[in-house]
Undergrad: 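What follows is a single structure, and I will ask about it in a moment.
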Amino acid sequence: MKAKKIPMRKCVACQQMMPKKSLIRVVRSPEGEVSIDLTGKKSGRGAYLCGQVACFKLAHKNRALDRALKATVGAEVYEQLAHDFLAIEDEFHLSQEREEEDSDE
């Protein structure tokens, strides 16, 4: 039986390749709204970040999201994303732990 292919994506901050499921997607919708997409299915241009606050801060400092989303991300958007990022960080890590437990069985 052939092994299932795992899609890989690169964190825009630390440039590390990781499985898509272990990264958080930030998406710019066709209307220009920037938000966090936990499902990975929202339409629009996406950029991926590690689930670490340090990577988010590095992306903010280097304006990595601006380049990846091909749009200027304003300071108020970064503040909202920081708030959302901190709010979902625990939820994201819990879902990662559940997936690891399921794959171990």
Undergrad: Considering only residues two or more places apart or on different chains, which pairs with a residue in residues 4-15 satisfy salt bridge (Lys or Arg N to Asp or Glu O under 4.0 Å)?
TA: none
Undergrad: My understanding is that only residues two or more places apart in sequence, or in another chain, count here; which of them pass side-chain contact (heavy atoms from CB on, under 4.5 Å) with M18?
TA: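 Once residues adjacent in sequence are excluded, the partners of M18 under the side-chain contact (heavy atoms from CB on, under 4.5 Å) criterion are Q16, S22, L23, C50.
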Undergrad: What's the spacing between L65 CG and L49 CG if we round to 0.5 Å?
TA: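 Rounded to the nearest 0.5 Å, the CG-CG separation comes to 5.5 Å.
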Undergrad: So do the side chains of S43 and P30 get within less than 4.5 Å of each other, counting heavy atoms only?
TA: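 When only atoms from C-beta onward are counted, P30 and S43 do touch, with a gap below 4.5 Å.
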Undergrad: For Y78, which residues count as a ring pair (Phe, Tyr, Trp, His ring centres under 6.0 Å) partner, sequence neighbours excluded?
TA: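 If we apply the ring pair (Phe, Tyr, Trp, His ring centres under 6.0 Å) test to Y78, skipping adjacent residues, the hits are H60.
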Undergrad: State, to 0.1 Å, how close A68 and V12 come at their nearest heavy-atom pair, and which atoms those are.
TA: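 So the two residues come closest at CB-CG1, 3.7 Å.
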Undergrad: Any salt bridge (Lys or Arg N to Asp or Glu O under 4.0 Å) pairs touching residues 24-41, not counting sequence neighbours?
TA: R25-D37
Undergrad: Check the hydrophobic clustering (I, L, V, M, F, W, Y; side-chain heavy atoms under 4.5 Å; chains of links allowed) and say if V34 and Y48 are grouped together.
TA: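 No, V34 does not connect to Y48 through the hydrophobic network.
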Undergrad: For the hydrophobic clusters of this structure (ILVMFWY residues joined by side-chain heavy atoms under 4.5 Å, transitively), does one cluster hold both V26 and V73?
TA: yes
Undergrad: When rounded to the nearest 0.5 angstrom, what distance separates CZ in R67 from CG in N62?
TA: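 That separation rounds to 6.5 Å.
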Undergrad: State yes or no: do V27 and L69 share one hydrophobic cluster built from I, L, V, M, F, W and Y residues joined by side-chain heavy-atom distances below 4.5 Å, directly or via other members?
TA: no
Undergrad: Going by the ring pair (Phe, Tyr, Trp, His ring centres under 6.0 Å) test, which pairs reach into residues 3-47, not counting sequence neighbours?
TA: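 Counting only pairs at least two positions apart or across chains, no ring pair (Phe, Tyr, Trp, His ring centres under 6.0 Å) contact touches residues 3-47.
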Undergrad: Which residue pairs pass the salt bridge (Lys or Arg N to Asp or Glu O under 4.0 Å) test when at least one of the two sits in residues 42-58, sequence neighbours left out?
TA: none
Undergrad: Suppose clustering is done on Ile, Leu, Val, Met, Phe, Trp and Tyr with side-chain heavy atoms closer than 4.5 Å. Which residues sit in the same group as M8?
TA: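 The other cluster members (ILVMFWY side chains, heavy atoms under 4.5 Å, direct or chained) are M17.
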Undergrad: Would you say D66's side chain and T72's backbone share a donor-acceptor pair under 3.5 angstrom?
TA: no
Undergrad: Determine which pairs satisfy ring pair (Phe, Tyr, Trp, His ring centres under 6.0 Å) with at least one residue from residues 1-24, sequence neighbours left out, and list them in order.
TA: none
